[in-house]
Amino acid sequence: MDAPLILGWQLDPVLLGGLLTLALVYTLVVGPLRSRLAPDTPFPRGRAVWFYSGIGLMFLVEGSPLHDLAERYLLSAHMVQHLSVSYLVAPMLIWGTPGWAFRPLLLNRVVRPLARILTRPLIAFFGFSLLFSLWHLPTIYDGALQNSSLHHFEHLLFLAISLLLWWPLMSPLPELPRPSYLLQLVYLFALPIAQLPVFGAVTFSDHPLYATYAAAAPVLGLTALADQILGGVFMKAIGLFVFGIPFAVIFFRWYRLENSDRMRRAPQA
């Protein structure tokens, strides 16, 4: 028999403080400080909508009843939560921030040397892949589920590493540039491959890996093992879809560029 759900909204200070701080910094940069950072530049209304929508989505993912469902009952719900942070919120925040707004944050004398290292594709790739793998170790995973503040902190940390993940594909700064189209394609092709060990462990295990979910009563008719398999399927299917779209877009951009270059170099009849 399914368990009675005990779900509520989260007003955790770590979550609210982190999101409000992020929103405040953005508002100051594109608002009062815009006249100093980018004189005569209009308020980036369209990008601001994307940024604030990303903040709102982050709160819905972390603060809505989905959080309790993910923390107490279902790995598959946690996977939806986790993938939303990594694959939706992070690119929305980058897209919502004008390049000139990144400059004082990333190109100042103190941060720039570190930013040049962390935004390199190889560092972003291994940083995200390593944290993704460590996150799913049963000891770490169950430990976070027992403490909501720690759970929110880990998701904020995951948001940070996800921003690095998307930077090589979305960078608006020539000082911290995107790699070539070919390297971007290799990057996107390799990311799902790096997740295969975690996907295999979660999806094909013959027993529940996480004590929290194993001890929970069934929800939505799912046993702990069936829920775990569903979570693994979400992980791989959503990842392939999310990485596949930019792969196709970048491939056709590269194709058009190469085709245009060949036509310019071709001798005129």
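For this chain, numbers begin at 1 and follow the sequence in order.
- For an aromatic pair to be called close, the ring centres must be under 6.0 Å apart, and H67 with H155 fails this.
- In plain terms, the two heavy atoms of L191 and S129 that are nearest each other are CD2-OG, 4.3 Å.
- At distances below 3.5 Å, not a single donor-acceptor pair connects side-chain atoms of Y210 with backbone N or O atoms of A224.
- Counting heavy atoms from C-beta on, the side chains of E175 and R103 come closer than 4.5 Å.
- Put simply, OG on S162 and CD1 on I94 are 9.0 Å apart, with the number rounded to the nearest 0.5 Å.
- Rounding to the nearest 0.5 angstrom, the gap separating the CG atom in L33 from the OG1 atom in T27 is 11.0 Å.
- Other residues, nucleotides and ligands contribute more than 12 heavy atoms inside 6.0 Å of the CH2 atom of W100.
- Placement of L20 and L15 in two distinct hydrophobic clusters is found when ILVMFWY residues are connected by side-chain heavy-atom separations under 4.5 Å, directly or transitively.
- The closest donor-acceptor contact from the side chain of W167 to the backbone of L176 lies under 3.5 Å.
- Under the 4.5 Å side-chain heavy-atom criterion for ILVMFWY residues, no single connected hydrophobic cluster contains both V25 and V49.
- Summarising the local packing, CH2 of W135 is surrounded by more than 12 heavy atoms from other residues, nucleotides or ligands at distances under 6.0 Å.
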Show the atom names and distances, to 0.1 Å, of all donor-acceptor pairs under 3.5 Å that link a side chain in residues 197-209 to residues at least two apart or in another chain.
{"unit_1": "T203", "atom_1": "OG1", "unit_2": "F199", "atom_2": "O", "d": "2.7"}
{"unit_1": "S205", "atom_1": "OG", "unit_2": "H207", "atom_2": "N", "d": "3.3"}
{"unit_1": "S205", "atom_1": "OG", "unit_2": "H207", "atom_2": "O", "d": "2.7"}

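- Around atom CZ of F153, no more than 12 heavy atoms belonging to other residues, nucleotides or ligands sit under 6.0 Å away.
- In this structure a side-chain-to-backbone donor-acceptor pair under 3.5 Å is present from Q184 to P179.
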Would you give me the side-chain donor-acceptor pairs under 3.5 Å for residues 107-114, sequence neighbours excluded?
{"unit_1": "N108", "atom_1": "OD1", "unit_2": "V110", "atom_2": "N", "d": "3.0"}
{"unit_1": "N108", "atom_1": "OD1", "unit_2": "V111", "atom_2": "N", "d": "2.9"}
{"unit_1": "N108", "atom_1": "ND2", "unit_2": "P104", "atom_2": "O", "d": "2.9"}
{"unit_1": "N108", "atom_1": "ND2", "unit_2": "L105", "atom_2": "O", "d": "3.3"}

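- Two residues are said to be in side-chain contact when any heavy atoms from C-beta on lie closer than 4.5 Å; Y181 and Y255 fail this criterion.
- When atom types are taken as modelled, the side chain of D227 and the backbone of L75 share a donor-acceptor pair closer than 3.5 angstrom.
- In terms of heavy atoms, L37 sits closest to P39 at C-CD, 3.7 Å.
- The cluster map of Ile, Leu, Val, Met, Phe, Trp and Tyr, joined by side-chain heavy atoms under 4.5 Å apart, puts F125 and I193 in the same cluster.
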For this session: Evaluate the criterion side-chain contact (heavy atoms from CB on, under 4.5 Å) for residue pair V85 and E62; output intermediate values, then yes/no.
Result: CA-CA 9 Å; V85 171; E62 293 290 318; 3.9 Å; yes
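- For the pair F132/M235, a side-chain contact is recorded, criterion being any heavy-atom separation below 4.5 Å from C-beta on.
- At least one side-chain heavy atom of F51 sits less than 4.5 Å from a side-chain heavy atom of I55.
- Clustering ILVMFWY residues whenever any of their side-chain heavy atoms sit less than 4.5 angstrom apart, transitively, puts F243 in a cluster other than the one holding L183.
- In this structure, the side chains of P168 and T119 stay at 4.5 Å or more apart for every pair of heavy atoms.
- In this structure, the side chains of W166 and F128 stay at 4.5 Å or more apart for every pair of heavy atoms.
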Problem set entry | From CA spacing to verdict: side-chain contact (heavy atoms from CB on, under 4.5 Å), L159, V89 | CA-CA 8 Å; L159 174 61; V89 175; 3.7 Å; yes
Exercise. Yes or no on side-chain contact (heavy atoms from CB on, under 4.5 Å) for M58 and L93, after CA distance, side-chain angles and deciding distance?
Worked result: CA-CA 10 Å; M58 183 71 176; L93 296 184; over 6 Å; no
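- Between the CD atom in Q146 and the CZ atom in R72 there is a gap of 11.0 Å [rounded to 0.5 Å].
- Within the 4.5 Å cutoff, the side chain of K236 has heavy atoms near those of the L196 side chain.
- Taking CD1 of I123 as the reference point, atom CG of L118 lies at 7.5 Å (rounded to 0.5 Å).
- Taking all atoms of both residues into account, the shortest heavy-atom contact from A144 to E154 is CB-OE1, 3.1 Å.
- Taking each heavy atom of Y87 and G239 in turn, the nearest pair found is CE1-CA, 3.9 Å.
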Exercise. Stepwise, does the side-chain contact (heavy atoms from CB on, under 4.5 Å) test hold for V242 with L83?
Worked result: CA-CA 10 Å; V242 168; L83 296 177; over 6 Å; no
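- A donor-acceptor pair under 3.5 Å links the side-chain atoms of Y213 to the main chain of A70, judged by distance alone.
- Taking the six-membered ring for Trp and thresholds of 30 and 60 degrees, F247 and F251 have nearly parallel ring planes, at less than 30 degrees apart.
- Atom CG of L66 and atom OG of S84 lie 7.5 Å apart (nearest 0.5 Å).
- Of the possible donor and acceptor atoms, one in the side chain of Y187 sits under 3.5 Å from a partner among the backbone N and O of L165.
- Shown here is F126, whose CZ atom has no more than 12 heavy atoms of other residues, nucleotides or ligands within 6.0 Å.
- Between the side chains of H78 and Y141, at least one donor N or O sits under 3.5 Å from an acceptor N or O.
- Within the model, atoms CG of L188 and CD1 of I250 stand 5.0 Å from one another, a figure rounded to the nearest 0.5 Å.
- In terms of modelled atom types and a separation under 3.5 Å, the side chain of Y26 and the main chain of G96 share a donor-acceptor contact.
- A 4.5 Å side-chain heavy-atom check between M79 and I238 finds every atom pair outside the cut-off.
- Residues G54 and M92 approach most closely at N-CE, 3.5 Å, considering heavy atoms.
- Both M170 and F189 are members of a single hydrophobic cluster when ILVMFWY side chains are connected at heavy-atom separations under 4.5 Å.
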